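Sequence lines set the chain letters: A, B, ... in the order given, protein chains first and strands last, and positions in each chain run from 1. If you're wondering where the values come from, they're calculated on a predicted model, not measured in any experiment.
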Number of protein chains: 2
Amino acid sequence: MAMQTAEKTPRDDPPGPWDRPADEPCPIRDVLDRIGDQWSMLVLSALWEGTKRFNELGRQIGDISKQMLSRTLRRLEQDGFVRRTVYAEVPPRVEYELTDLGRSFMVPMRALVVWADDNHAAIRAARDSYEG
Amino acid sequence: MAMQTAEKTPRDDPPGPWDRPADEPCPIRDVLDRIGDQWSMLVLSALWEGTKRFNELGRQIGDISKQMLSRTLRRLEQDGFVRRTVYAEVPPRVEYELTDLGRSFMVPMRALVVWADDNHAAIRAARDSYEG
DNA sequence: CCGCATCCATTGTGATACTG
DNA sequence: CAGTATCACAATGGATGCGG
């Protein structure tokens, strides 16, 4: 790939989706489409604490249906965020853990979690005071 | 549980949603529910560059319908991310800009954009090599 | 120019029952 | 225990036309 001039600081100025060719979908859209659903982020957060089994995840998240947990895990696995390990035992045991990719994703993601935690009150206040 | 050093670094270890009372919705869920949709992030990115008018935003994003742009802007305004200014002119002119809250949100968010940009190839590769 | 209302297609989510 | 299959419903998103 072509090298750019050194005075550009891409880390401070990522391109907008409109700055890139249309044949390649914009990365942030591609990522947000996946983790922007109702459950992916919660599953990733739970797995951040360590390896978990299927029902263990379900219990921890609390209000997720088995179906959605299954679908969410499958998609995260498919995208390389989560590794699934099946043990040939009776009763069956399946463990889920973050991959390196998943763990590296959680770094910026957790910065966002911190922001959300710090600014939640402000958002709710804005919502409440909105007139429309 | 992940192995961590004993030092207390709350910014490195935000609580999971299950660690908080149920009466207050978990902040990250509340935030992701809003910006996790198809368009919010793109609109915020566009406004990061500066104040924009309605159709200017629409043209820049490209494939967003007027309806979705309208809905997205309204919700972002409602949550305090965006300020809307109407000028009593003919023809009417409406300008949108990020609030301080919106701008502060974009700091962690852009870290995520950078991550997505850096790791997009890996995600697509994982997706392609997935056998299921 | 701005943006809302309406209609409609698609997708996400939940409940339940069933399988290995 | 760890899922899958099926059905039903809500939410999301696109297209178009109308109104301020």
Side-chain angles (χ1 to χ4, degrees), chain A residues 17 22 25-26 29-44 46-47 51-79 82-97 127 130-132, chain B residues 17 25-26 29-44 46-47 51-79 82-97 130-132:
Chain A
C26 129
R29 250 173 111 162
D30 213 16
V31 169
L32 273 187
D33 276 357
R34 298 297 173 137
I35 60 91
D37 65 52
Q38 198 175 352
W39 301 114
S40 293
M41 179 53 208
L42 291 172
V43 171
L44 291 174
L47 288 177
T51 301
K52 297 269 168 69
R53 298 180 58 174
F54 184 86
N55 280 346
E56 196 179 355
L57 282 168
R59 276 191 304 275
Q60 179 163 0
I61 296 173
D63 56 347
I64 188 173
S65 65
K66 285 188 302 179
Q67 192 198 39
M68 285 316 297
L69 181 56
S70 178
R71 282 191 202 171
T72 303
L73 284 168
R74 182 167 300 276
R75 207 161 58 165
L76 291 174
E77 185 195 1
Q78 188 171 354
D79 281 2
V82 164
R83 177 167 32 252
R84 179 175 181 269
T85 310
V86 183
Y87 296 89
E89 302 174 358
V90 177
R93 180 162 58 103
V94 182
E95 291 189 340
Y96 295 90
E97 61 183 329
R127 231 174 256 171
Y130 183 80
E131 43 207 289
Chain B
C26 130
R29 247 172 115 163
D30 213 17
V31 169
L32 272 187
D33 276 358
R34 301 294 173 141
I35 60 89
D37 66 52
Q38 196 175 356
W39 302 114
S40 292
M41 179 52 209
L42 291 172
V43 170
L44 290 174
L47 287 176
T51 300
K52 297 270 170 69
R53 298 181 58 176
F54 184 86
N55 279 347
E56 195 179 356
L57 282 168
R59 275 191 304 275
Q60 180 162 359
I61 295 172
D63 56 348
I64 188 173
S65 67
K66 287 186 302 178
Q67 192 202 41
M68 286 315 298
L69 181 55
S70 178
R71 279 192 205 169
T72 303
L73 283 168
R74 180 165 305 273
R75 208 162 59 165
L76 291 174
E77 184 194 2
Q78 188 171 352
D79 282 2
V82 164
R83 177 166 32 252
R84 179 174 181 271
T85 309
V86 183
Y87 297 89
E89 301 174 357
V90 177
R93 179 163 59 105
V94 183
E95 289 189 341
Y96 295 89
E97 62 184 327
Y130 182 79
E131 40 208 287

Measure the distance from [atom1] on [X] to [atom2] on [N] and round it to the nearest whole Å.
{"X": "A/K66", "N": "C/dA17", "atom1": "NZ", "atom2": "C1'", "result": "9 Å"}
{"X": "A/R84", "N": "D/dC1", "atom1": "CZ", "atom2": "C1'", "result": "12 Å"}
{"X": "A/I64", "N": "C/dA15", "atom1": "CD1", "atom2": "P", "result": "12 Å"}
{"X": "A/M68", "N": "D/dA11", "atom1": "CE", "atom2": "C1'", "result": "13 Å"}
{"X": "B/I61", "N": "D/dG13", "atom1": "CD1", "atom2": "P", "result": "13 Å"}

With a 4.5 Å heavy-atom cut-off, do B/L73 and B/W39 have their side chains touching?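 When only atoms from C-beta onward are counted, B/W39 and B/L73 do not touch, as no gap falls below 4.5 Å.
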Evaluate the side-chain proximity of A/Y130 to B/R74: yes if any heavy-atom separation is below 4.5 Å, no if none is.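 With C-beta onward as the side chain, the pair touches.
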Nearest to side-chain heavy atoms of [X], which nucleotide of [options]:
{"X": "B/S65", "options": "D/dG14, D/dA2, D/dG20", "result": "D/dG14"}
{"X": "A/P92", "options": "D/dG3, D/dG13, D/dC1", "result": "D/dC1"}
{"X": "A/W39", "options": "D/dT4, C/dC2, C/dT13", "result": "C/dT13"}
{"X": "B/N55", "options": "C/dG14, C/dC4, C/dC1", "result": "C/dC1"}

So what is the end-to-end bend of the helix from C/dC1-D/dG20 to C/dG20-D/dC1, with 5 pairs used at each end and the value given to 10 degrees?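 The value is 40°.
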Between A/Q67 and B/F54, which is nearer to the 5' end of DNA chain C once each is assigned its nearest nucleotide?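 So the residue in question is B/F54.
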Give one of base, sugar-phosphate or nothing for B/R53, where a contact means two heavy atoms less than 4.0 Å apart.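 Sugar-phosphate only.
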Across the strands shown, which category fits A/Y96 at heavy-atom distances under 4.0 angstrom: base, sugar-phosphate, nothing?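 Since only primed, P, OP1 and OP2 atoms lie under 4.0 Å of A/Y96, the category is sugar-phosphate.
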So which heavy atom on B/M68 is nearest to which on B/T72, and how close?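 Smallest heavy-atom distance, with atoms named: O-OG1, 2.6 Å.
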Within the pair A/R74 and D/dT4, is there a side-chain N or O less than 4.0 Å away from OP1 or OP2?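 Answer is yes, contact under 4.0 Å.
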Do the side chains of B/K52 and B/E56 get close enough for a salt bridge, i.e. N-O under 4.0 angstrom?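 Not counted as a salt bridge, because no side-chain N and carboxylate O are separated by less than 4.0 Å.
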Taking NZ, NE, NH1 and NH2 as the nitrogens, is one of them in A/R127 or B/D30 under 4.0 Å from a carboxylate oxygen of the other?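 Yes, A/R127 and B/D30 are salt-bridged.
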For the side chain of B/R34 and the backbone of B/R75, is there at least one donor-acceptor N/O pair under 3.5 Å apart?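 Checked: no pair found.
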